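Here the structure is a predicted model, which means the values were calculated and not measured.
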Amino acid sequence: MSSSSRLSRRHFFSAAAGFAAAASAPRAGFAQVPAAAPAAAPAPTGPFVVPPLTYPTHAFEPHIDARTMEIHHDKHHGAYVANLNTLARTNPQLGAAAVTDILGNLNALNDDIKFAVRNNLGGHANHTMFWEIMGPNGGKPEGEVLAAIDRDLGGLQKFQTDFDAAGGRQFGSGWVFVTVTKDGKLAIENRPNQDTPIMDGKRVLMGNDVWEHAYYLNYQNRRPDYLKAWWNTVSWSKIAERYAAAKAGTLGV
């Protein structure tokens, strides 16, 4: 995907002034997408794309219904991408730098676009990860991933209990993540809205979306029920791939 193409850090920071000079989009046009489904709108042509699902939208029923998947993937993630492509028209460096470099250096951006990039690029990164780590017949953790869960998170059962509790405690909209260091150490973190640990230079192994749009059609206000059911959608083989990439220093969003 072109949004993941690389600039050297020297080029990225030298381009930061360009962000400020070219910024002209009003902040109001890029406000955080609300929990209710946004109106469908075709994304303008640009460097950012919504990654296609590798499974049908009904793949996770009854745990997540097809309509929720369609709204979440096509409309919510699509809105972030549409906003980014509009912003990239006057800030083309956004489509040339690595997503992780931009999110890890938000203070290099002009104030007029920083809020928009934080919300929309954060949402794009978070959801790209989210679709990747889900899949039907996801199996169970094993090998190095299971060993890391045992070592750092107290075993699978405790990890899932603590992860769900962290997601349940998140006030309002946000995410619960598992971060991973280059030496393979795991930790559970919460973030509000579309913030991501990438903003602090960390890498995300996996995460669950606890915005209402992720579960409200089926679960209404029962977020704990959604968190528990979501484990049936996790692809542990994909998480193992991300864990290996983190240790190799190649894990992106």
Practice item. Test side-chain contact (heavy atoms from CB on, under 4.5 Å) on Ile113 and Asn91 and set out the steps. Key: CA-CA 9 Å; Ile113 65 170; Asn91 298 273; 3.8 Å; yes
Practice item. Report yes or no: does Glu61 contribute a side-chain atom to a donor-acceptor pair with the main-chain N or O of Ala66 at less than 3.5 Å? Key: yes
Check your understanding: Which class fits the ring pair Tyr226 and Tyr215: parallel under 30°, tilted 30 to 60°, perpendicular over 60°?
Key -> parallel
Check your understanding: Quick check, are the ring centers of Phe130 and His77 under 6.0 angstrom apart?
Key -> no
Exercise for review: Output yes when a side-chain donor or acceptor of His127 lies under 3.5 Å from a complementary backbone atom of Gly123, and no otherwise.
Suggested key: yes
Review point. Using 30° and 60° as the class limits, which term best fits the ring planes of Trp236 and Phe159: parallel, tilted or perpendicular?
Key: perpendicular
Check your understanding: Which heavy atom in Ala166 sits nearest to a heavy atom in Asn190, and how many Å separate them?
Key -> O-ND2, 2.7 Å
Review point. Hey, what's the ring geometry for Phe177 with Trp175, parallel, tilted or perpendicular (30° and 60° as the breaks)?
Key: parallel
Point to revise | Any donor-acceptor pair under 3.5 Å from Arg203 side chain to Leu251 backbone | key: yes
Point to revise | Modelled atom types, side-chain donor and acceptor of Trp230 and Asp209, under 3.5 Å | key: no
Revision key, fill the gap. What one should report as the nearest heavy-atom pair of Gly207 and Ile133 is O-CD1, 3.5 Å
Check your understanding: Between Leu109 and Ile102, what is the shortest heavy-atom contact and its length?
Key -> CD1-CG2, 4.3 Å
Exercise for review: Indicate the atoms forming the closest heavy-atom contact of Arg191 with Thr196, along with that distance.
Suggested key: NH1-O, 3.4 Å
Review point. Closest approach of Met134 and Met69, non-hydrogen atoms and distance?
Key: CE-SD, 4.5 Å
Practice item. Using side chain to side chain donor-acceptor pair (under 3.5 Å) as the criterion, point out the one residue from Asp111, Asp112, Asn110 that pairs with Lys114. Key: Asp111
Check your understanding: Is the closest basic N to carboxylate O distance between Asp225 and Lys228 below 4.0 Å?
Key -> no
Check your understanding: Got a donor-acceptor contact below 3.5 angstrom from the Asn85 side chain to the Ala82 backbone?
Key -> no
Check your understanding: Can you tell if the side chain of Lys158 reaches within under 4.5 Å of the side chain of Leu153, non-hydrogen atoms only?
Key -> no
Revision key, fill the gap. Output for pair (Thr57 OG1, Asp65 CG), nearest 0.5 Å, gives 9.0 Å
Check your understanding: Under 3.5 Å, side chain of Arg242 to main-chain N/O of Val253, donor-acceptor pair present?
Key -> yes
Point to revise | Leu227 to Gly167 - nearest heavy-atom pair and separation | key: CD1-C, 3.8 Å
Exercise for review: Describe, in one word, how the ring planes of His124 and Phe48 are oriented to each other, choosing from parallel (under 30°), tilted (30 to 60°) and perpendicular (over 60°).
Suggested key: perpendicular
